[in-house]
Undergrad: 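The structure that follows is given in the form of structure tokens.
Every value quoted in this text rests on a predicted model; they were computed, and no experiment measured them.
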Amino acid sequence: MPDLVRDTIFLALGGSQAHGTARAGSDVDVRGVCVVPLRERLSLFGRFEQHEGELPGPLLARVERHLRARASGDDGLALVAVPPKTECLVFELGKFVSLLAAANPSALEVLFTDERDWVLDTPTWRALHAQRQLFLTRRVHQTFVGYAHAQLKRIETHRAWLLSPPTHEPTRSAFGPPGAPGDKAYRAARKRWAQYLSWQAHRNAQRAALERAHGYDTKHAMHLVRLMRMGLEALETGALNVRREDAEELRAIRDGALTFVELSALADELTQRMAEVAPTSPLPEDVDTARVDDLAVGLMLGSP
């Protein structure tokens, strides 16, 4: 485990705080990047890729100071003085650059986070940030659509459970004896049952109320629309806009402004639009692997 206080080169607000869709009481997501010592980068058994969990005290204090400073400003964002709940994810630089090269939406959001949401930055981070356009490619078509459709799949699954919840645990006898053709169906039914129980047990109370009121998970809907719009904008303009100008509309979607039928139609429309735009996008087809490799190695060798 690295010394995050020593090794972190970047921290920023993430999630709703970075998108501009947060409200008072929203969780505080923090995303970051670190450069670990060479020994840990090369270790066969102790290799570090990311930290997920609590931030060390000095870094959490930075987040709190940033939130207080933002609360005293006038940028139209939720006023947050102290994190009600802070979730942290810090990537090792090599892992982070690999994700960027693969057009991973979560990693790209970190790289393109609005500078007003930066909590900590360093010369190493700024050198990477200055080359951020290297990582915007037409691959965002597949990755952003893929992430958005994963949200839609969850929405559809949860909607099915809301409208027609399972009534009993699958039994072996209902699918025939072990080794029978029904084995695969039985395993699938058991898996769905376990997923349903987990969903019931861990649902956020506020989201559950929205689901009951609107018949589907409106928070997933908000993320679906945001992801597809971000991907479309990147393909059309070559820019990835993390801080959303459509934040008010996205919050309305989270509050149930769209019916499920309207959401599905919008998802289809955005999917089709991205497919039409991608072939003529100003973005390159893929990353220049040699340039990305030189950049990553140079950054890691140039850090202590």
Undergrad: First locate atom CG of D27, then atom CG of D29, and finally report the distance between them rounded to the nearest 0.5 Å.
TA: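 Rounded to the nearest 0.5 Å, the CG-CG separation comes out at 6.5 Å.
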Undergrad: Test salt bridge (charged side-chain N to carboxylate O under 4.0 Å, His left out) on R273 and E236; report intermediate values, then the result.
TA: CA-CA 10 Å; R273 180 64 181 150; E236 289 180 326; 3.1 Å; yes
Undergrad: For the pair E109 and R226, evaluate salt bridge (charged side-chain N to carboxylate O under 4.0 Å, His left out) and give the outcome as yes or no after the intermediate values.
TA: CA-CA 12 Å; E109 279 195 29; R226 176 185 56 78; 2.7 Å; yes
Undergrad: Quick one: list whatever passes side chain to side chain contact (heavy atoms under 4.5 Å, CB included) with A148, sequence neighbours left out.
TA: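 Partners of A148 under the side chain to side chain contact (heavy atoms under 4.5 Å, CB included) test: L224, L227, M228.
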Undergrad: At what distance, to the nearest 0.5 angstrom, does CG of L11 lie from CG of L120?
TA: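 So the gap between those two atoms works out to 5.0 Å.
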Undergrad: Do W161 and L152 belong together in a cluster built from hydrophobic side chains that touch within less than 4.5 Å?
TA: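 No; tracing contacts between hydrophobic side chains, which count when under 4.5 Å, never links both residues.
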Undergrad: In residues 287-300, what donor-acceptor pairs under 3.5 Å come from side-chain atoms, sequence neighbours left out?
TA:
unit_1	atom_1	unit_2	atom_2	d
D288	OD1	A290	N	3.2
D288	OD1	R291	N	3.2

Undergrad: Quick check with a 6.0 Å cut-off and a 45 degree axis cone: is R203 positioned over the face of W199's six-membered ring?
TA: yes
Undergrad: Can you name the nearest heavy-atom pair linking G53 to C88, along with the distance?
TA: O-CB, 3.0 Å
Undergrad: As an exercise, state the distance from CD of E64 to CG of L59, rounded to the nearest 0.5 Å.
TA: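 The distance works out to 11.5 Å.
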Undergrad: Parallel, tilted or perpendicular: which fits the ring planes of W125 and F96, with parallel below 30° and perpendicular above 60°?
TA: tilted
Undergrad: Between R138 and D286, is the closest basic N to carboxylate O distance under 4.0 Å?
TA: no
Undergrad: So which heavy atom on S26 is nearest to which on S16, and how close?
TA: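 Taking every non-hydrogen atom into account, CB-OG, 4.1 Å.
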Undergrad: Can you sort out the partners of T259 under side chain to side chain donor-acceptor pair (under 3.5 Å), two or more places apart, ordered by chain and number?
TA: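 For T259, the residues satisfying side chain to side chain donor-acceptor pair (under 3.5 Å) (neighbours in sequence not counted) are E262.
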Undergrad: Can you name the side chain to side chain contact (heavy atoms under 4.5 Å, CB included) partners of H141, sequence neighbours left out?
TA: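 With sequence neighbours excluded, H141 shows a side chain to side chain contact (heavy atoms under 4.5 Å, CB included) to V145, L235, M274, A275, A278, given in chain and number order.
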Undergrad: Are the side chains of L136 and F112 in touch, meaning some heavy atoms are under 4.5 Å apart?
TA: yes
Undergrad: Does H19 reach the main-chain N or O of G15 with its side chain, forming a donor-acceptor pair under 3.5 Å?
TA: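 A pair under 3.5 Å: yes.
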Undergrad: Quick one, H129 with R126, criterion side chain to side chain donor-acceptor pair (under 3.5 Å). Give me CA distance, side-chain angles, the key distance, then yes/no.
TA: CA-CA 5 Å; H129 184 258; R126 286 196 170 271; 5.5 Å; no
Undergrad: Name all pairs fulfilling the ring-ring contact (aromatic ring centres under 6.0 Å, His included) condition that reach into residues 200-237, sequence neighbours left out, sorted by first residue then second.
TA: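 For residues 200-237: H158-H220, Y216-F260.
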Undergrad: With heavy-atom distances below 4.5 Å as the criterion, would you say the side chains of T113 and R31 are in contact?
TA: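 They are not in side-chain contact.
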Undergrad: Could I get the full list of side chain to side chain contact (heavy atoms under 4.5 Å, CB included) partners for E52, not counting sequence neighbours?
TA: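 Here the qualifying residues are Q50, L89.
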Undergrad: State whether D183 and R172 are salt-bridged, where the test is any N-O pair (Lys NZ or Arg NE/NH1/NH2 against Asp/Glu carboxylate O) under 4.0 Å.
TA: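 A salt bridge is present here (some side-chain N lies under 4.0 Å from a carboxylate O).
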Undergrad: Flag the pair K191 / R187 as yes when at least one side-chain heavy-atom distance between them is below 4.5 Å, and no otherwise.
TA: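 No. Closest side-chain heavy atoms not under 4.5 Å.
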Undergrad: Taking E211 first and then K219, would you say they form a salt bridge - that is, a charged N and a carboxylate O separated by under 4.0 Å?
TA: no
Undergrad: For F135, which residues count as a ring-ring contact (aromatic ring centres under 6.0 Å, His included) partner, sequence neighbours excluded?
TA: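 Once residues adjacent in sequence are excluded, F135 has no partner under the ring-ring contact (aromatic ring centres under 6.0 Å, His included) criterion.
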Undergrad: Looking only at non-hydrogen atoms, find the nearest pair between P282 and G238 and report the distance.
TA: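 Taking every non-hydrogen atom into account, CG-N, 4.4 Å.
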Undergrad: Which residue pairs satisfy the ring-ring contact (aromatic ring centres under 6.0 Å, His included) criterion with at least one member in residues 42-64, sequence neighbours excluded?
TA: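 Not a single pair qualifies under ring-ring contact (aromatic ring centres under 6.0 Å, His included).
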Undergrad: Please round to the nearest 0.5 Å and tell me the distance separating atom CG of L67 and atom CG of L13.
TA: 5.5 Å
Undergrad: Examine distances only and state if a side-chain atom of T143 and a backbone atom of R139 form a donor-acceptor pair shorter than 3.5 Å.
TA: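 Side chain of T143 to backbone of R139, a donor-acceptor pair under 3.5 Å: yes, one is there.
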Undergrad: Report yes if some heavy atom in the side chain of C34 is under 4.5 Å from a heavy atom in the side chain of F10; otherwise report no.
TA: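 No - every pair of side-chain heavy atoms lies 4.5 Å or more apart.
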Undergrad: In the structure I gave you, are the side-chain heavy atoms of D246 and R229 within less than 4.5 Å of one another anywhere?
TA: yes
Undergrad: Following the transitive rule for hydrophobic clusters with a side-chain heavy-atom cut-off under 4.5 Å over Ile, Leu, Val, Met, Phe, Trp and Tyr, establish whether Y196 and I155 coincide in one cluster.
TA: no
Undergrad: Let me check something: do L210 and L258 share a hydrophobic cluster, defined by ILVMFWY side-chain heavy atoms less than 4.5 Å apart, either directly or through other members?
TA: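 Different hydrophobic clusters.
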Undergrad: Taking side chain as C-beta onward, heavy atoms only, is L270 less than 4.5 Å from L232?
TA: yes
Undergrad: Give me the atom names and distance for the closest heavy-atom approach of L250 to R244.
TA: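 Answer, listing the atom of L250 first, then R244: CD1-CG, 3.9 Å.
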Undergrad: Has E92 got a side-chain atom pairing as donor or acceptor with K95's backbone, closer than 3.5 angstrom?
TA: yes
Undergrad: Whether R154 and D217 form a salt bridge (side-chain N of Lys/Arg under 4.0 Å from carboxylate O of Asp/Glu) is what I want to check.
TA: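 A salt bridge is absent here (no side-chain N lies under 4.0 Å from a carboxylate O).
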Undergrad: Closer than 3.5 angstrom, by distance alone: can the side chain of T271 be matched with the main-chain N or O of A267 as a donor-acceptor pair?
TA: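 Here the side-chain-to-backbone pair exists.
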Undergrad: Can you find a pair of side-chain heavy atoms, one from P37 and one from R6, that are under 4.5 Å apart?
TA: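 Yes, their side chains come closer than 4.5 Å.
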Undergrad: State which residues pass side chain to side chain donor-acceptor pair (under 3.5 Å) with D114; sequence neighbours excluded, sorted by chain then number.
TA: R116
Undergrad: Are the side chains of V140 and L108 in touch, meaning some heavy atoms are under 4.5 Å apart?
TA: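 With C-beta onward as the side chain, the pair touches.
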Undergrad: How would you list, by chain and number, every residue that makes a side chain to side chain donor-acceptor pair (under 3.5 Å) with Q272, sequence neighbours excluded?
TA: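 For Q272, the residues satisfying side chain to side chain donor-acceptor pair (under 3.5 Å) (neighbours in sequence not counted) are E276.
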Undergrad: Is the count of non-hydrogen atoms from other residues, nucleotides or ligands lying under 6.0 Å from E54 atom CD greater than 12?
TA: no
Undergrad: Backbone N or O of A12 within a donor-acceptor pair of the Q17 side chain at under 3.5 Å?
TA: no
Undergrad: Testing the basics here: between A247 and G20, what is the closest heavy-atom pair and its distance to 0.1 Å?
TA: CB-O, 3.4 Å
Undergrad: Excluding sequence neighbours, so at least two apart, what forms side chain to side chain contact (heavy atoms under 4.5 Å, CB included) with E169?
TA: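 In terms of side chain to side chain contact (heavy atoms under 4.5 Å, CB included), with neighbours along the sequence ignored, E169 is linked to R190, W193.
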Undergrad: The criterion is ring-ring contact (aromatic ring centres under 6.0 Å, His included); which residues satisfy it with Y186, sequence neighbours excluded?
TA: F175
Undergrad: Taking the side chain from D3 and the backbone from V5, do they hold a donor-acceptor pair closer than 3.5 Å?
TA: yes
